[in-house]
Protein chains: 2
Amino acid sequence: MVDAAARLTVRQGIDEWTIRALAQELGVAQAVIYHHVGGRSQIVRAVVERVVAQIPLPAPDLQWREWFGTFLTDVRRVALHYPGVARHLVILGPVAGAGRIIGPGIDVLLEAGFADEAVTIYNYLSNTALSLIAVEDERNKDQEGRLERAREIVDLAHGVDGGLSTMKDWLEVRAENIDQLRASDAYFYRYCVERCLDAAKARLGVVRRRTSRMTESP
Amino acid sequence: MVDAAARLTVRQGIDEWTIRALAQELGVAQAVIYHHVGGRSQIVRAVVERVVAQIPLPAPDLQWREWFGTFLTDVRRVALHYPGVARHLVILGPVAGAGRIIGPGIDVLLEAGFADEAVTIYNYLSNTALSLIAVEDERNKDQEGRLERAREIVDLAHGVDGGLSTMKDWLEVRAENIDQLRASDAYFYRYCVERCLDAAKARLGVVRRRTSRMTESP
DNA sequence: ACCTGAACACCGTTCAAGT
DNA sequence: ACCTGAACACCGTTCAAGT
């Protein structure tokens, strides 16, 4: 049953299939689904948990930056395969089965010396990444419209100068075709992840200074 | 007409009111809306543009970090007043009227020396902030359920140790009541914004070193 | 040109009736 | 206990008919 829902999600996205379509995929009446799993939100939750279980865990001996670098790359790859799941996951928060990931993730940060900020940093990294993927999912739903809107803006900004013209030039190359746009999305995600890791690194310096000052003072 | 839609959005959230409710608010038949504005997506877009027009612009003489610090605080305050708008805004990308903000925003970054990375940094900051607000909006829709889920996780993680227990302790204090949860959200947003600005600062160092190296070499 | 009422094609959910 | 068919209360959108 969750199998079928996951299959439909891969094909159409989790918010696109209907209870009726799911029932048809299973060859049963709609009411059967309510009898066995409950309403739509419960099936969605089950699919989300199944996707989470599919995210590979980086080797525990990696340095924290490599650990999260590979982890967040894998999260995007798996999540984009199930459109719309990232959004439900980040809204639901820690679902059943997420402990498999959260535990090792925070361990790596504690090991690196993030101390009492480990949980906040973990939330910062995972929330930011999942939110960005959720937005990418929704943008992918209407790629033609997105191209069209980008071109409208470019036309509208014709002849302006200053910072806005810089944005216009930036948009113009990316609005050329859909492949360009998707490549730009992938690059942008990578860029954001690297920036988040930069920020975490800066924070690590602060925490370490604070800790050493505390052990120094009598 | 957009007035009425904005009013309903403040009260219920942009994805909660229906065309029927909007028609009733205006005292007309539903078809009138289609005749004047077009479908639901066009009204949503008009509301989004109206909300964007309402975001105050920081003083242009502020340092880049203060400029974006106050800007992103104002964005959250205005956006939370119109639940669901942040999500539509970040998905639509630069809507009509956003130039009023984008221009000065990139100008501040160019002035600070971000050079060819100014646009990417602008996108990084605004996308991250809006994505996080969009998630907060959706979490606010079901606060009771969120509390309940958090408590379930806490119970489920009873007796574990390692990184997961740290997350459990963190969740436990926040899952006490709804006010605590909302305060935690506000703090978390602030924290994420500061981290993004840290990351931008680190990037500024890289860009400056690259630029000075280029002007040095003959 | 503008507005109405009614319809169309959906949707999630429920429930009496069957086996 | 499990499944069916039909209904209920919605939804966005369309369209002939009125003024």
Side-chain angles (χ1 to χ4, degrees), chain A residues 1-50 82-85 87-89 91-92 95 137-139 141-142 144-146 148-149, chain B residues 1-50 82-85 87-89 91-92 95 137-139 141-142 144-146 148-149:
Chain A
M1 172 145 252
V2 182
D3 269 354
R7 233 171 14 240
L8 289 177
T9 300
V10 171
R11 287 208 286 267
Q12 311 183 271
I14 200 161
D15 295 316
E16 310 308 312
W17 54 259
T18 65
I19 295 287
R20 282 170 168 81
L22 178 57
Q24 200 180 25
E25 176 89 5
L26 290 162
V28 295
Q30 299 152 223
V32 174
I33 291 161
Y34 289 86
H35 199 275
H36 281 103
V37 195
R40 195 179 203 289
S41 58
Q42 313 217 38
I43 307 169
V44 164
R45 208 169 134 170
V47 172
V48 169
E49 283 165 8
R50 171 162 302 209
Y82 295 89
V85 165
R87 178 172 148 251
H88 286 279
L89 174 56
I91 290 167
L92 285 171
V95 295
D137 272 345
E138 303 225 48
R139 282 180 177 161
K141 277 193 206 167
D142 181 25
E144 294 292 346
R146 204 179 149 206
E148 206 179 307
R149 282 196 305 275
Chain B
M1 171 144 254
V2 182
D3 269 354
R7 234 173 10 243
L8 288 178
T9 300
V10 171
R11 286 208 287 267
Q12 312 183 269
I14 200 162
D15 295 317
E16 309 309 313
W17 52 260
T18 64
I19 296 286
R20 283 169 167 82
L22 178 57
Q24 201 179 24
E25 176 89 6
L26 290 162
V28 295
Q30 299 152 222
V32 175
I33 291 162
Y34 290 85
H35 199 275
H36 280 103
V37 195
R40 197 181 201 289
S41 59
Q42 313 217 40
I43 309 170
V44 164
R45 208 170 134 170
V47 172
V48 169
E49 283 165 8
R50 169 160 306 207
Y82 296 90
V85 166
R87 178 172 148 251
H88 286 278
L89 174 55
I91 291 168
L92 285 170
V95 296
D137 272 345
E138 304 225 48
R139 283 178 176 164
K141 276 193 207 168
D142 181 25
E144 294 292 345
R146 204 179 148 206
E148 205 179 307
R149 282 195 306 275

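Numbers restart at 1 for each chain; the letters A, B, ... are given by sequence-line order, proteins then strands.
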Q: Round to a whole Å and report the spacing from CD of Q12(B) to C1' of dC11(D).
A: 14 Å

Q. Atom CE of M1(A) and atom C1' of dC2(D): how far apart are they, to the nearest Å?
A. 12 Å

Q) Tell me: CG of L26(A) to C1' of dC2(D), nearest whole Å? A) 15 Å

Q: Examine the base of dT13(C) for any acceptor or donor lying under 3.5 Å from a partner atom in the side chain of Q30(A), and report the outcome as yes or no.
A: yes

(Q) Side chain of V28(A) only, heavy atoms from C-beta on: which candidate in dC11(C), dT13(C), dT4(D) is closest? (A) dT4(D)

Q: Establish, yes or no, whether the cationic atom of R40(A) lies under 6.0 Å from the six-membered ring centre of W17(A) and within 45° of the ring axis.
A: yes

Q: Once you apply the 3.5 Å cut-off to both distances, tell me the Watson-Crick or G-U wobble partner of dC8(D), or none.
A: dG12(C)

Q | Interatomic distance, L26(A) atom CG to L22(A) atom CG [nearest 0.5 angstrom] | A | 5.0 Å

Q. Does a sphere of radius 6.0 Å around CD in E49(A) hold more than 12 heavy atoms from other residues, nucleotides or ligands, not counting ones at 6.0 Å or beyond?
A. yes

Q | More than 12 heavy atoms from other groups under 6.0 Å of CD on Q30(B) | A | yes

Q: Grab the CD1-P distance between I33(A) and dT13(C) for me, whole Å please.
A: 10 Å

Q: Let me know, please, whether G39(B) or H35(A) comes out on the 5' side of the other along DNA chain D by nearest nucleotide.
A: H35(A)

Q. Of the nucleotides dC2(D), dT13(C), dG12(D), which one has an atom closest to the side chain of R20(B)?
A. dG12(D)

Q. In the strands shown, is dG18(D) matched to any nucleotide by a Watson-Crick or G-U wobble pair with both distances under 3.5 Å, and which?
A. dC2(C)

Q) Could you give the CD1-to-P distance, from I19(B) to dC15(D), as a whole number of Å? A) 16 Å

**Q.** Residue met sooner reading DNA chain C from 5', once A31(A) and W17(A) are mapped to nucleotides
**A.** W17(A)

Q. Rounded to whole angstrom units, what separation is found between the CD atom of Q24(A) and the P atom of dT4(D)?
A. 13 Å

Q.
So, OP1 or OP2 of dC3(D): does either fall under 4.0 Å of a side-chain N or O from H36(A)?
A. yes

(Q) How long is the straight-line distance from CD of E25(B) back to CZ of R7(B), given to the nearest 0.5 Å? (A) 4.5 Å

Q: Measure the distance from CD on E16(A) to C1' on dC11(C) and round it to the nearest whole Å.
A: 13 Å

**Q.** Interatomic distance where CZ belongs to R40(A) and P belongs to dG12(C) [whole Å]
**A.** 6 Å

